[in-house]
2 protein chains.
Amino acid sequence: MQELDATDKRILAALDDDPRLPVMVLAQRLGLARGTVQSRLERMSESGALRPNSSRVLPAALGRGVAAAVSAELDQHRLNEAIAALRDIPEVLECHAPAGDTDLIIRVVATSPDDLYRVSEEIRLCPGIVRTSTSMFLREVIPYRTTGLLRE
Amino acid sequence: MQELDATDKRILAALDDDPRLPVMVLAQRLGLARGTVQSRLERMSESGALRPNSSRVLPAALGRGVAAAVSAELDQHRLNEAIAALRDIPEVLECHAPAGDTDLIIRVVATSPDDLYRVSEEIRLCPGIVRTSTSMFLREVIPYRTTGLLRE
DNA sequence: GCCGTACTGGTCAATCTGTTCAATAAAGCA
DNA sequence: TGCTTTATTGAACAGATTGACCAGTACGGC
């Protein structure tokens with residue numbers, strides 16, 4: 001992956017609210033030539049520095065107002081099996097392997113507390129998953145952002 | 001916030017890779033009138049169903065290849081103070097208040113394990129934060145996605 | 001001093017945008 | 001059932017934007 005430089009960050013920051021801002025507008029707003037902005041936008045989309053656009057969609061707008069983290073303990077021999085099964089659950093948004101006692105931390109969403117129970121059950125039943133512990137998020141204290149890092 | 005319907009989701013799914021796809025192309029690809037796509041795009045950006053574009057930027061592309069979750073225990077009387085302080089740390093990407101024993105779960109990134117130490121120190125020093133416990137992510141097993149939910 | 005790379009500022013035709021409009025579904029309600 | 005409201009369609013327009021070029025310039029490394 002390509003590291004983004006200061007100009008890239010300025011472009012991204014300017015696109016923050018409206019990613020469909022015309023290139024010309026961007027260019028004059030940033031004091032750059034149109035071609036420059038254009039080529040950098042192209043490079044950034046190619047380089048894989050950006051998540052797919054759908055990652056912008058708030059789960060709440062898809063009816064998933066409930067969020068939680070599920071910690072899972074694994075049968076280490078069946079790691080890949082478990083991951084494949086998790087990948088097939090749409091409510092699983094993300095999954096990390098932390099250092100420490102838990103093997104996986106799984107970000108999930110659901111339509112209701114009851115639905116969350118169903119989802120965590122579905123996770124518990126994945127092959128290779130031995131034990132899970134679900135902790136529901138009561139509040140989103142700071143919504144996901146990268147703005148601070150862009151301003152450096 | 002407005003709930004997204006099937007057409008909205010189809011539009012978003014079509015925009016998944018390239019959010020700058022021209023409206024005309026979208027319309028014919030989805031078999032819709034241009035005006036329809038246009039008004040829905042407008043409504044979606046207004047309705048707050050989408051995160052800012054900058055949330056697409058991978059921290060790794062900003063030199064933050066190290067990710068972690070910091071669990072924090074709070075002095076409950078100083079909750080807002082703590083949150084305000086956390087908001088000022090650019091490496092804090094997100095923060096949730098879960099049900100259970102920990103008060104806050106803080107998503108952070110850093111340039112290196114050493115830098116992660118610095119960041120978690122900075123969190124520990126926030127007013128109102130009593131104790132923290134950092135667990136570094138060794139691997140991103142499933143990168144953030146909402147694709148599954150969009151296809152419903 | 002030379003080279004490669006990136007940026008600038010300019011042009012071009014083709015396409016797209018924002019905006020209107022009347023006509024046509026579709027959906028909710030009496 | 002019939003009426004009202006709302007969303008969608010297809011069409012038109014002028015004006016702006018796009019992608020593709022180009023030659024000239026700035027800059028860092030060798």
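Throughout, a chain's letter reflects where its sequence line sits, starting with A, and its residues are numbered from 1. Keep in mind that the numbers below use all heavy atoms, side chains included, and drop hydrogens, waters and symmetry copies. Since the structure is predicted, the reported quantities are computational estimates derived from the model, not experimental observations.
Each of T7(A) and R34(A) lies near DNA chain C, and the nucleotide nearest T7(A) is the one positioned closer to the 5' end. Residue whose closest nucleotide on DNA chain D sits further toward the 5' end, between L32(B) and R20(A): L32(B). Between Q28(A) and T36(B), the residue anchored closer to the 5' end of DNA chain D is T36(B), taking for each the nucleotide with the nearest heavy atom.
Proximity note for A33(B) (side chain, C-beta onward) versus dC16(C), dT18(D), dT9(D): the nearest is dT9(D).
The separation between L41(A) atom CG and dT17(D) atom C1' is 14 Å, rounded to whole Å. Rounded to an integer number of Å, the gap from CD of Q38(B) to C1' of dA11(D) is 14 Å. Following rounding to the nearest Å, M44(B) (CE) and dA7(D) (P) show an atom-to-atom distance of 14 Å. If you take CD of Q2(A) and P of dT5(C), they are 14 Å apart, rounded to a whole angstrom. Regarding M24(A), its CE atom lies at a distance of 12 Å from the C1' atom of dT11(C), rounded to whole Å. Distance CG (L30(B)) to P (dG10(D)): 14 Å, rounded to an integer number of Å. The CG-C1' distance, from D5(A) to dA6(C), rounds to 11 Å in whole Å. With rounding to whole Å, E42(B) atom CD is found 8 Å from dG18(C) atom P.
Distances shorter than 4.0 Å separate some side-chain N or O of R40(B) from OP1 or OP2 on dT8(D).
In terms of heavy-atom proximity, P98(A) sits nearest to S135(B) at CB-OG, 3.7 Å. Residues A49(A) and A61(B) share a closest heavy-atom pair of CB-CB, 3.5 Å. S55(A) and R51(A) get closest at one heavy-atom pair: OG-CB, 3.3 Å. In terms of heavy-atom proximity, P127(A) sits nearest to R78(A) at CB-NH2, 3.5 Å. Taking both residues in full, the closest heavy atoms of A14(B) and L21(B) are given as O-CD2, 3.9 Å, listed atom of the first, atom of the second, then distance.
Secondary structure note: stems in DNA chain D built from 3 or more consecutive Watson-Crick or G-U wobble pairs under 3.5 Å occupy C:1-30 with D:1-30.
Counting only N and O atoms by type, the side chains of T132(A) and R124(A) include a donor and acceptor under 3.5 Å apart.
Residue-environment remark: CD (E152(A)) exceeds the threshold of 12 foreign heavy atoms within 6.0 Å.
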